[in-house]
Number of protein chains: 2
Amino acid sequence: MDGKAEKVNQSEKILQTAFQCLSTRGYANVSMRDIADQAGVVLSQLNYYYKNKEGLFTEVVKMMMQQYLHEVEDKLKSVANTKEKISSLVKYFCELIRKNPELLKLFIDFTAQSLWLPSFRSHLKNLFDDLSEMIEKSVLAEMTINKNLSEYSSKSVAKLLLGALYGISVQIMLDSDEDNAFEPLNLVGMILN
Amino acid sequence: MDGKAEKVNQSEKILQTAFQCLSTRGYANVSMRDIADQAGVVLSQLNYYYKNKEGLFTEVVKMMMQQYLHEVEDKLKSVANTKEKISSLVKYFCELIRKNPELLKLFIDFTAQSLWLPSFRSHLKNLFDDLSEMIEKSVLAEMTINKNLSEYSSKSVAKLLLGALYGISVQIMLDSDEDNAFEPLNLVGMILN
DNA sequence: AATTAATTCGGACGTTCGTCTTAATTCATA
DNA sequence: TATGAATTAAGACGAACGTCCGAATTAATT
């Protein structure tokens with residue numbers, strides 16, 4: 001009854017709530033009832049809009065992918081030269097850990113689940129591939145002037161960078177409140193030197 | 001009745017089976033009954049020996065940690081100089097992916113679960129810390145002769161290497177049957193050049 | 001206004017979950 | 001052999017799970 005458009009799509013509300021539940025409690029600890037209750041929606045509505053649990057959770061995976069791909073793309077295009085792009089990427093992961101750790105947890109958790117669920121696996125593989133492809137195009141120029149790594153494909157270098165960012169972020173997430181926890185992340189920017 | 005010591009500890013058999021179940025189907029997809037059935041043991045025996053689910057699974061975590069720490073330690077001490085140690089470490093992760101992917105999946109899955117379960121978190125943090133400490137002591141000599149990275153602590157360099165190995169391994173696990181999937185892993189050995 | 005489709009609701013269905021209790025059995029020690 | 005502790009076994013317990021169905025309500029179309 002407010003002047004605002006208070007009436008949002010039920011399906012959208014469900015999806016948003018599912019995203020929030022999964023990013024704060026994890027795949028193994030979230031049930032359909034949890035999401036329904038927190039969304040203020042009757043349980044059967046989840047099945048009405050998303051068929052089943054796998055259908056709903058898959059939409060959350062896609063949602064997460066969109067967010068990462070857009071954010072990383074924005075960060076990479078925000079600066080000009082290659083070196084700055086790498087730094088921008090490192091900075092993005094730093095901000096992610098500090099300001100939006102739930103999104104990073106979602107990434108890590110979905111990655112693990114994709115080891116067991118074939119329906120998740122293809123999506124996560126695509127996410128890693130798309131991210132490393134973005135990075136590849138950003139470091140391609142740098143590759144030609146580097147003597148030690150030029151014999152390797154730029155795709156492999158991109159996967160190295162992405163893997164390092166991912167693996168170090170995992171460690172930092174576990175490192176609750178260590179002094180120089182972010183130092184190894186800044187080191188990633190110097191790999192290509 | 002065989003000549004062999006056919007009679008193994010019931011508790012040991014349960015633990016081994018739990019390890020096997022978790023490494024092949026994942027934390028979220030294994031129940032106490034699954035383990036009991038596969039071990040040929042009555043369900044209540046699991047609670048008798050390990051109190052509850054968390055108790056049993058925690059023992060599996062410890063078991064996994066032992067295996068990683070021993071294997072990595074062996075690999076690092078098997079060769080002499082620093083460069084060879086790094087190569088040996090890279091080779092270890094290659095062999096892990098090819099010959100024992102279940103153990104790696106266990107690592108990845110437990111890492112994700114440790115984001116939500118405090119009882120797992122401390123163990124996984126210790127595993128990462130112990131592994132990076134091993135690496136640190138192996139690359140310490142190299143650090144002094146490197147000009148670009150010497151301003152950073154050797155601990156951070158070790159975490160960078162471990163993070164890269166971990167993150168790249170994750171990507172390879174998702175990359176089922178790609179041609180040069182292992183190439184970025186070999187690139188890790190050249191980070192310190 | 002009548003009719004049809006789309007949505008919302010409440011609740012039941014069968015299954016699986018982790019835990020616990022109690023009894024039967026085995027084993028060691030005296 | 002008698003006794004008490006340790007182990008094994010069988011099953012019940014309440015709670016939680018994902019899914020599904022039928023009715024009620026709302027919205028859209030004629």
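Numbers restart at 1 for each chain; the letters A, B, ... are given by sequence-line order, proteins then strands.
Closest to the side chain of A:R33, from the set D:dA6, D:dA9, D:dC17, is D:dC17. Between D:dA6, C:dC17, C:dT8, one nucleotide has an atom nearer to the side chain of B:S31 than all others, and that is C:dC17. Here C:dG10 is the nucleotide among D:dA6, C:dG10, C:dG18 with the atom lying nearest to any side-chain atom of A:V42. Comparing atom distances between the B:L43 side chain and each of C:dT19, D:dT8, D:dG18 picks out C:dT19 as nearest.
When rounded to the nearest whole Å, the span between CE of B:M32 and C1' of C:dC20 equals 12 Å. In this structure, the NZ atom of A:K51 is 9 Å from the P atom of D:dT19, given to the nearest Å. Here D:dC17 presents its P atom at 15 Å from CG of A:L56, a figure rounded to the nearest Å. D:dT26 atom P lies 15 Å from atom OH of A:Y48, rounded to whole Å. Rounded to an integer number of Å, the gap from B:K53 NZ to C:dC20 C1' is 17 Å. In this structure, A:N47 atom CG and C:dG11 atom P are separated by 17 Å, rounded to whole Å. Rounded to an integer number of Å, the gap from A:Q45 CD to C:dT7 P is 9 Å. Between the OH atom of B:Y50 and the P atom of C:dG18 there is a distance of 16 Å, rounded to whole Å.
Among the protein residues, A:S44 comes within range of the nucleic acid bases, having at least one heavy atom under 4.0 Å from a base atom. At the heavy-atom level, A:Y49 lies under 4.0 Å from the strands shown only through sugar-phosphate atoms. Residue contacts for A:L46: at a heavy-atom cut-off of 4.0 Å it reaches no nucleic acid atom on any strand shown.
Listed pair A:Q10 / C:dT7 fails the phosphate criterion, with no side-chain N or O lying under 4.0 Å from OP1 or OP2.
Between B:A158 and B:S132, the closest heavy-atom pair is CB-O, 3.1 Å. Residues A:T111 and B:V170 approach most closely at CG2-CG1, 3.3 Å, considering heavy atoms.
By the 6.0 Å and 45° rule, A:R98 stacks over the aromatic ring of A:F182. Relative to the ring axis of A:Y92, A:K99 does not place its NZ or CZ within 45° and under 6.0 Å from the centre.
Taking the six-membered ring where the residue is Trp, B:Y68 and B:F107 present tilted rings, their angle falling between 30° and 60°.
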